[in-house]
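Throughout, protein chains are lettered first and strands after them, A, B, ... in sequence-line order, and every chain is numbered starting at 1. Below, all heavy atoms of this structure are taken into account, side chains as well, without hydrogens, waters or symmetry copies.
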Amino acid sequence: MSEYERDARRERLGALRESGIEPYPARVGPRTPVAELRAEHDAREAEALEKEPVEAAVAGRVMAHRSFGKLLFVDVVDDGHALQVSGRKQQLDPETFARMRELDIGDFVRVEGVLWRTRSGELTLDTRRLELLGKALRPLPEKWHGLSDVETRFRQRYLDLLVNEDARRIAVVRSRVVSRMRRFLESRDFLEVETPILQPIYGGAAARPFQTHHNALDQDLFLRISDELYLKRLVVGGLNRVYEIGRNFRNEGISRKHNPEFTAMECYQAWADYTDMMELVQALVVEVAHEVHGGLRFSCRGHEVDLSGDWPRIPMRDAILEATDGTLDILADDDWKAHERRLGLDPKPTWAQFVDEVFSERVEPTLVQPCFITQYPKALTPLAKSAPEDERLVERFELFVGGMEVANAFSELNDPDEQRRRFEEQGRAAAEGDDEAHPMDEDYLRALEHGLPPTGGLGVGIDRLVMLLVDAPSLREVILFPHLRPEQS
RNA sequence: GGGCCGCUAGCUCAGCUGGUAGAGCACCGGGCUUUUAACCCGUUGGUCGUGGGUUCGAUCCCCACGCGGCCCA
């Protein structure tokens, strides 16, 4: 940073204080939000404003400054809406005019004035009174090219939000998506709940956890990788429809589609199965897409995604058969290691992880249009009910759109003995080297022994859903503060 | 974890075959009453990511490290 510019700003700050002006006042006088003012007067012609003068006051951040000697313009931005403000020497006392000339880009001001229209037709507030609401000591990024350095955009997201319209747009869209999601679930009688983030045993997904420690209890704890097992305990307790929107933490690599902490919506519905969850998630995604796009077609990664109509349901076995030209049947009793070598895939310790790998390598990227992949191998899914047609499969689906998994759902396994066997099987997978195997959870088994009703469960990755809807190339564009290494070593 | 690419003024970027740096915007000074990427004139501003090495001499070549990006794992 140019010490020169910071010195100049600090000097002005000092001069203000010396002349008795508080540069960081506590209170803001009456004001109209710029958006409101524009909505009311944008249509008004110059003559109309002259005949019936409109007095107004606004507050905002100075984002541009153009000076003409005896006339100057500043652009004042209030919550993303800009208003041009003019200052005329002839209209103002010399001190106010001088202070207006000395405004820095980034300063907060409150301006009282009269609306007029310039020759070029711009609605402008001509200053009668000027108050400084906050002095900025550092310059903003440059106005032509804005801020494009990705690292700065993420480390100093506030700068990104101030100068890149898209950053602001995405933040707003994300908030609307979550809000719409809540309204949707409420309309279907789901109860919003909160469950522990610090858990004595992690579970509900295949992932490695972050570990921490409670000092007073001298207890090791995990940051949740999912809230599934707690939400299902609530269904055991008779809360038939529950959901939680919250952060999960997975101790794995960072990529375009992965951040160590991410936001998920999970919901559980008694008396439902995974097909009910298909209906639910489709209605939800459709509603949210309407909220964002006003329709069901939008572009994503250069493709047109169309959410209308029925979304196909494709058993995983068929999807993999098709993607391997009929050469790999995951239900055939083959030597899977041979297939792994033949397909040139990275060696995996277990059959389940091999299937997962084939799927994510060969099938997932091709699933641009919305599509339910169903009937997952049991070994991949220790918490879902067996499929009646084949003991090796479970009643599960994942929703894919834009080549990405956005939702995951099961008919929840509620047979406590079967659940115990599945956990034991996971223990064997762990022994074979699967570091994402599900741990044994006796407390959860006890809850199941009390009785979980037939229940459908659904998880939706909110970051990915937003990424899809705004066609962002990376999760980091939709997470305001994505994880980065520390700046200084 | 591996490969490739990047890191130069506050921001966006140039910088040839090795001879210690430039532009635009911002900033500072001056001019200007209709601009909105205002304009005109004149300045200022650099640990060239960090640390080593090679060399008479390194932003440039070599090595290590840091941060970031893309791809792979």
- Task: For A/R12, answer base if it contacts any base atom (sugar-phosphate contacts may also be present), sugar-phosphate if it contacts only those atoms, and nothing otherwise; contact means non-hydrogen atoms under 4.0 Å.
- Result: sugar-phosphate

- Task: Could you check which of B/G69, B/U12, B/C67 has an atom nearest any side-chain atom of A/D149?
- Result: B/U12

- Query: Only one of A/V77, A/D75, A/L103 forms a side-chain contact (heavy atoms from CB on, under 4.5 Å) with A/V62, so which one is it?
  - Reply: A/L103

- Query: Reckon A/R119 has a side-chain N or O less than 4.0 Å from the OP1 or OP2 of B/U35?
  - Reply: no

- Mate of B/G6 across any strand shown (Watson-Crick or G-U wobble, both atom pairs under 3.5 Å) is B/C67

- Note on the structure: Among B/G69, B/C13, B/C67, the one nearest any side-chain atom of A/S148 is B/C13

- Item | Side-chain donor/acceptor of A/T118 to base of B/U35, under 3.5 Å | yes

- Task: Report the relative orientation of the aromatic rings in A/W116 and A/F73; use parallel for angles under 30°, tilted for 30 to 60°, perpendicular for over 60°.
- Result: parallel

- Query: Using atom C1' of each nucleotide, how far apart are B/U20 and B/G46 to the nearest Å?
  - Reply: 11 Å

- Using the P atom as the reference point in each nucleotide, state the distance between B/C39 and B/G45 in Å, no decimals. 24 Å

- Query: Is it the case that A/Q353 and A/D434 place a side-chain donor and acceptor less than 3.5 Å from each other?
  - Reply: yes

- Tell whether A/E122 reaches the base of B/U34 with its side chain through a donor-acceptor pair below 3.5 angstrom. no

- B/C28 phosphate, OP1 or OP2: any side-chain N/O from A/R9 under 4.0 angstrom? no

- Take the protein atom CD of A/E357 and the nucleotide atom C1' of B/C72, then report the distance between them rounded to whole Å. 12 Å

- Task: Would you mind telling me which of B/C28, B/G69, B/C11 lies closest to the side-chain atoms of A/P141?
- Result: B/C11

- Task: Tell me which residues in residues 54-73 of chain A put a heavy atom below 4.0 Å from RNA chain B, sorted by number, or none.
- Result: A/R66, A/S67, A/F68, A/G69, A/K70, A/L71, A/F73

- Using salt bridge (charged side-chain N to carboxylate O under 4.0 Å, His left out) as the criterion, point out the one residue from A/D107, A/D104, A/D7 that pairs with A/R12. A/D104

- Task: Taking atom types as modelled, find out whether A/N408 and A/R396 have a side-chain donor-acceptor pair closer than 3.5 angstrom.
- Result: yes

- Message: Counting only Watson-Crick pairs (N1-N3 plus N6-O4 or O6-N4) and G-U wobbles (N1-O2, O6-N3), all under 3.5 Å, who is the partner of B/U34?
- Response: none

- Query: Across the strands shown, which category fits A/G146 at heavy-atom distances under 4.0 angstrom: base, sugar-phosphate, nothing?
  - Reply: sugar-phosphate

- Task: Give the ring-plane orientation class for A/H293 versus A/F298, where under 30° counts as parallel, over 60° as perpendicular and anything between as tilted.
- Result: parallel

- Item | Nearest-angstrom distance, P atom, B/G18 to B/G57 | 16 Å

- Of A/L484 and A/R256, the one whose closest nucleotide on RNA chain B sits nearer the 5' end is A/L484

- Query: Does OP1 or OP2 of B/G10 have a side-chain N or O of A/R138 closer than 4.0 Å?
  - Reply: no

- Please work out if A/R476 contacts a base, only the sugar-phosphate, or nothing of the nucleic acid, heavy-atom cut-off 4.0 Å. sugar-phosphate

- Note on the structure: Closest to the side chain of A/H145, out of B/C28, B/U12, B/U33, is B/U12

- Query: Parallel, tilted or perpendicular: which fits the ring planes of A/H339 and A/F354, with parallel below 30° and perpendicular above 60°?
  - Reply: parallel

- Item | Name of the residue among A/T32, A/L123, A/D78 meeting side-chain contact (heavy atoms from CB on, under 4.5 Å) with A/L37 | A/T32

- Message: Between B/U54 and B/C61, how far apart are the two C1' atoms, rounded to whole Å?
- Response: 8 Å

- Message: Taking the C1' atom in each of B/G51 and B/C7, what is the distance between them to the nearest angstrom?
- Response: 16 Å

